[in-house]
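Quick note on labels: first sequence line is chain A, next is B, and so on, each numbered from 1.
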Amino acid sequence: MKLYDQIFNVVKQFRKLFSPGPVTNADVSGSITAEIFLIVSLVLSAILLRHVNMLLAGIVTFILAIVLISNIPLIPKFKLEQEDSLEKMLFYAIITISILVAFLYWGGNLV
Amino acid sequence: MAQTQLIILMTSAALIIIGFYSAIFVDNIIKKIIGISFIEEGVNLFIVAIGYKAGGIVPILMPDMNTTWFASNAAYPLPFGLVLTSIVIGASTLAVMLALVMVIYKKYGTLSTKVMLADTSKQEEYNE
Amino acid sequence: MLELVLCIIMVLSAILALIQKDLLKTAILTGFSGGAMAVLFQVLLAPDVALTQAIVGAAIIPVFIALAVKKTQREDS
Amino acid sequence: MNELIPLMVIVPLMAALLISAFSRFNTVTKIFALVVAICLPIIPLASNYGLHYFGGYEPILDNVTNAVYHPAITYSFTFLQQVFIAMVGLLTFLVVFIYLTKYRKVSGPYLFLLFLGTAAVTAMLLTDDIFHMFVFFEILALAQVGIVAASSINYSYEMALKYMILGSIGSPMMLLGIGFLLAMTGTVNVTDIAAAVHNGLINVTSPVFLMSLALIFFGWLYASGLPPFHTIKSGIYSKAEPHGAALLQSFTVISMISIVLIMFRIYSTLPIFEVLIVFFSILAMILGVSMALTQTDFRRMIGFLAVGELGFIGLGIGLGTQFSITAGLFQALNEIMITALLFIGFGAIVNATNEVDTRKLGGLLAYHPKVSLMLLIGGLAMAGVPPLSGFQSKLMLVQASLSCGFPEISILAIMVSIATFVVFVKTYYSMFLKPKPNDLEVENKEVPRAMIFAMGILLIIIILLGIFPDIVINGISNFVGGIL
């Protein structure tokens with residue numbers, strides 16, 4: 001029953017996602033679809049690591065699946081991180097350029 | 001004097017880092033815009049430093065100069081031409097940004113980025 | 001030696017511009033930075049770029065900023 | 001008729017300047033704008049393939065090293081440029097036509113911005129000079145900001161300022177990357193740089209070369225709206241007028257492919273380049289579509305969908321074979337048309353109801369059957385249903401990734417297509433099929449004729465390309481074989 005309760009709470013938490021007003025069943029089902037889509041596609045893209053190392057891909061996929069499923073209302077967290085405020089956009093842009101430059105400078109020849 | 005070029009490159013790196021710092025940590029929108037325009041200035045300085053030649057001459061061919069001597073001693077002028085364009089682009093971008101700030105200021109009455117450029121997607125939908 | 005002094009002026013005025021409470025001072029310090037950069041371009045054998053930078057960086061951009069400050073507010077709170 | 005090549009840029013640029021100068025004369029401006037807009041798709045179709053050297057400076061052959069140097073800014077015009085420039089010209093014509101028929105008094109500055117953007121993307125596609133491309137990239141950014149700020153939607157100024165501030169971080173980084181390339185090779189001509197890289201004149205494993213890849217790549221992310229810029233890109237689509245948004249997304253797609261083709265010619269020897277493109281494309285597909293599923297504002301939703309579909313283009317180019325790049329470019333062509341169709345169609349709904357929240361809409365099928373039918377076909381094309389053009393390009397992409405040995409990417413692409421379809425059906429249901437809410441007022445019963453006309457033309461092209469894809473694919477495939 002624990003997992004059922006958790007999933008039920010997920011649906012209740014979706015209400016916070018939307019701006020004030022009624023929440024229709026189309027919106028909620030869209031959010032549930034997004035939730036499942038996010039988990040499945042992230043796990044699926046983790047399998048792509050098998051071209052680097054088979055063992056690494058297995059471990060990463062397994063851990064990622066456990067972490068994602070045990071944290072399930074994922075979409076509210078994702079949506080909070082991708083809102084329109086300038087601070088978050090600038091923060092992620094600068095993080096991305098830093099990681100890109102650092103990764104390519106030191107590890108660009110490894111691939 | 002290869003040292004000159006090194007100093008210039010360090011300065012341009014410092015300007016770019018100041019720009020990144022102000023993009024994240026400065027709250028006042030006008031200061032933030034000025035800070036971000038320092039990135040552009042640092043990049044301009046870097047590109048000019050590429051064309052610099054230690055102990056060289058200004059790349060203008062005078063009538064009494066030997067062409068071979070000129071080619072081996074003059075600085076490389078292509079980056080200078082690029083920077084001319086880039087300076088003007090940077091200035092016009094800055095002007096447009098400041099104009100937008102003036103328009104938005106009338107609505108909010110403050111220059112804080114947290115207030116002016118916050119997330120607007122939730123308020124607008126249901127209250128139209 | 002000249003370029004070292006100019007570089008220090010540029011970086012210092014850039015940092016000082018960002019910690020001023022009075023936004024008009026920020027505009028003036030930005031002009032300092034732009035002017036120092038123009039002289040630096042002259043040192044780097046680019047006189048044509050130096051002329052453009054002297055006009056744009058030392059005159060036009062500070063005036064734009066000052067105008068924006070005049071239309072909005074002067075204090076950074 | 002190679003003289004027509006520079007005219008493709010000069011005509012919209014001059015038209016933009018003239019219109020903004022003489023915007024006081026309303027009728028003259030209208031007629032002039034319409035004539036120029038008709039010329040835009042015709043010029044590339046009438047022109048011959050070839051190269052154009054500005055100033056007439058022909059390439060110089062160095063007898064010692066046997067290398068060719070290009071001193072002039074070069075425009076190269078091949079089948080790829082022809083088809084994309086004709087497409088964006090057609091779209092500009094449709095958008096200008098809609099704009100001119102919608103308002104009695106036209107605004108000169110807005111037409112100026114539309115034509116300026118078209119000129120900028122045309123130059124970006126044609127040019128063979130990386131700095132020239134950067135200059136027009138900045139002009140394009142200014143034009144996009146102007147189009148967003150000119151709309152009368154709430155919070156459009158804020159969104160424009162955000163886009164501009166992010167752009168003033170993204171584009172100097174790209175300029176810095178160009179500076180690194182210039183420092184290594186001493187030239188800004190892409191052909192020369194690529195020759196230097198492929199002949200081993202510069203060390204491709206040096207950190208400077210890798211840094212230039214990172215910096216130009218970041219500029220490309222900003223130009224194309226892949227993560228982390230997907231929020232701002234979808235934001236500016238939703239804050240522009242619908243016909244403006246239709247043009248904005250075509251600008252995005254074309255600047256994306258023009259920059260990525262230049263990067264591909266320079267960096268294709270580095271394996272990490274393709275890994276980076278595939279990584280960011282997958283991220284864009286996942287984040288774009290999953291965010292689109294949770295939106296209630298349908299303009300924002302189409303914006304996120306457009307960003308998600310960009311991932312397919314990146315995927316095709318990132319796989320790096322001739323077939324996959326052809327598929328990616330064909331997908332780019334399809335996406336320009338399909339997303340424009342969706343933006344214009346949903347714009348008609350905004351025009352009729354003044355409402356953008358899907359929760360407050362419903363029952364519009366009775367009022368606007370034509371628009372709903374066209375939108376349905378457009379949505380099916382975007383999701384990749386045969387026999388429409390989206391199906392052909394997505395099928396090619398799936399085949400390409402299978403033949404490269406990445407079945408996971410094929411599964412992911414199919415899943416993203418299905419999720420796209422879910423998003424579309426959800427919105428279509430809540431706008432057209434759901435019972436009409438009592439407080440919804442449908443004000444203008446008539447959809448403007450110009451919008452129906454524009455949607456009809458786009459729809460005909462979509463169906464034609466879906467049935468006869470070979471018209472475009474063969475030419476693109478030859479082009480791709482040339483750059484590989």
Tell me every residue that passes ring pair (Phe, Tyr, Trp, His ring centres under 6.0 Å) with Tyr21(B), counting only those two or more places apart in sequence or in another chain.
Phe25(B)
Can you tell me how far the CG atom of Asp27(B) sits from the CD atom of Glu87(A), to the nearest 0.5 Å?
6.5 Å
Rounding to 0.5 Å, atoms CD1 (Ile36(B)) and CG (Leu90(A)) come to a distance of 5.5 Å
Flag yes if more than 12 heavy atoms outside [X] fall under 6.0 Å of its [atom1] atom; otherwise flag no.
| X | atom1 | result |
| --- | --- | --- |
| Tyr105(A) | OH | no |
| Met10(B) | CE | no |
| Phe91(A) | CZ | no |

Where does Leu86(A) contact chain B at under 4.5 Å (heavy atoms): side chain, backbone, both or neither?
both
